[in-house]
Amino acid sequence: MSRSCWLMKSEPTTFSIDDLAAAPNQTTCWEGVRNYQARNLLRDEIATGDRVLFYHSACAVPACVGTAVVVREGYPDHHAWDPRHHYHDPKSSPEKPTWYMVDIRLESRFDKPVSLTEVRQDPLLADMPLLRKGNRLSIQPVTKRQFDRIVRLGKAQQ
DNA sequence: GCCAACGTTGGC
DNA sequence: GCCAACGTTGGC
């Protein structure tokens with residue numbers, strides 16, 4: 001039973017890896033996913049102990065900036081039930097939750113960001129879903145090999 | 001700010 | 001079930 005690897009996107013203006021580092025226990029719930037494909041991953045696939053590449057999207061330099069570990073498996077995103085919450089969704093209820101989230105804890109911040117450009121230039125990373133045209137999925141599967149490669153590229157000394 | 005790609009909604 | 005309209009994502 002090996003741990004799976006994932007890439008999770010976040011807009012740094014909304015929630016950056018610095019925000020994760022500053023959070024209590026350097027842990028956060030990955031709230032606000034409102035896409036069914038990503039929801040299915042959160043609910044059914046992502047397990048405690050899985051590794052996560054933390055990716056900054058929609059910013060000046062889109063890049064992988066660190067890693068995290070899943071510390072709590074999929075559970076209902078209760079923010080969807082709160083009418084005053086930004087992520088409110090009337091479709092979802094405590095009886096029949098539509099949306100799920102996991103908790104992740106910071107594992108490492110890279111010495112240097114591994115930019116999208118750098119990922120694109122690396123032949124070992126050519127198959128990453130991140131590079132597929134039009135791909136907007138905010139949670140993506142990553143192979144162990146791809147994960148390890150990016151972690152290596154994020155180190156100051158290689 | 002632009003725009004391509006994609007997901008969702010809703011009329012029919 | 002089809003598909004046009006609309007909203008969102010995210011690189012550039």
Side-chain angles (χ1 to χ4, degrees), chain A residues 4-23 28-46 50-68 70 73-104 106-143 145-155:
Chain A
S4 302
C5 301
W6 310 93
L7 179 146
M8 294 188 183
K9 299 179 186 173
S10 185
E11 300 190 18
T13 51
T14 302
F15 190 84
S16 72
I17 197 161
D18 291 336
D19 294 325
L20 180 57
T28 188
C29 58
W30 203 251
E31 62 171 9
V33 170
R34 297 291 180 267
N35 168 285
Y36 286 101
Q37 210 177 334
R39 186 281 309 270
N40 292 346
L41 295 177
L42 288 169
R43 190 188 57 188
D44 306 330
E45 303 293 334
I46 299 176
D50 283 1
R51 323 263 320 266
V52 174
L53 289 169
F54 198 105
Y55 180 83
H56 282 172
S57 68
C59 55
V61 183
C64 297
V65 291
T67 63
V70 176
E73 295 188 356
Y75 62 105
D77 183 345
H78 51 79
H79 296 113
W81 309 332
D82 181 354
R84 290 176 309 280
H85 200 277
H86 178 247
Y87 292 122
H88 176 240
D89 181 350
K91 280 195 302 293
S92 188
S93 67
E95 294 75 29
K96 281 192 75 175
T98 307
W99 305 113
Y100 283 72
M101 55 189 178
V102 299
D103 289 354
I104 65 169
L106 181 69
E107 184 180 51
S108 70
R109 277 196 273 191
F110 290 164
D111 299 328
K112 57 187 185 63
V114 181
S115 71
L116 180 61
T117 305
E118 201 177 345
V119 171
R120 190 172 282 131
Q121 287 168 349
D122 190 326
L124 297 180
L125 302 174
D127 292 334
M128 286 189 68
L130 185 66
L131 301 181
R132 282 207 285 271
K133 190 176 182 179
N135 179 23
R136 308 185 318 184
L137 195 59
S138 64
I139 301 175
Q140 313 181 348
V142 172
T143 68
R145 187 164 304 213
Q146 291 161 347
F147 185 96
D148 291 341
R149 177 64 176 169
I150 287 181
V151 167
R152 180 173 175 78
L153 293 174
K155 290 186 193 304

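By convention in this document, chain letters (A, B, ...) are assigned in the order of the sequence lines, proteins followed by strands, and residues within each chain are numbered from 1. What you see below is based on every heavy atom in this structure, not just the backbone, and it leaves out hydrogens, waters and symmetry mates.
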*Are A/K9 and C/dT9 close enough that a side-chain N or O sits under 4.0 Å from OP1 or OP2?*
no
*asked:* In this structure, how many angstroms lie between the C1' atom of C/dG7 and the CZ atom of A/R34, rounded?
replied: 16 Å
*Just call it for A/R132: base, sugar-phosphate, or nothing, with non-hydrogen atoms closer than 4.0 Å on any strand.*
nothing
*asked:* What is the distance, to the nearest angstrom, from the CG atom on A/L137 to the P atom on C/dT9?
replied: 12 Å
*Between P of B/dT8 and OH of A/Y36, the distance in whole Å*: 7 Å
*Once you round it to whole Å, what is the distance between P of B/dC6 and CG of A/N135?*
8 Å
*Between atom NZ in A/K133 and atom P in B/dC6, what is the gap in whole Å?*
8 Å
_For a quick test of reading the model: is some side-chain N or O of A/Y55 closer than 4.0 Å to OP1 or OP2 of C/dG11?_
yes
*Rounded to the Å, how far apart are A/F15 CZ and C/dT9 P?*
17 Å
*asked:* Aromatic contact between A/Y100 and A/W30, with the criterion being ring centroids under 6.0 Å apart: yes or no?
replied: no
*When you get a sec, tell me which of C/dG11, C/dT8, B/dT9 is the closest nucleotide to the side chain of A/R136?*
C/dT8
_side-chain contact (heavy atoms from CB on, under 4.5 Å) assessment of A/I46 paired with A/I139_ = CA-CA 10 Å; A/I46 299 176; A/I139 301 175; 4.0 Å; yes
*asked:* Does this structure show an ion pair linking A/R109 with A/D18, if we count only N-O contacts that are shorter than 4.0 Å?
replied: yes
*Starting from P on C/dT9, measure out to NE2 on A/H56 and report it in whole angstrom.*
17 Å
*So, are A/E45 and A/R39 salt-bridged, with charged N and O less than 4.0 Å apart?*
no
*asked:* Please report the distance, rounded to the nearest Å, between CH2 in A/W99 and P in B/dT8.
replied: 7 Å
_Is there a side-chain contact between A/R120 and the phosphate of C/dC12, meaning an N or O under 4.0 Å from OP1 or OP2?_
yes
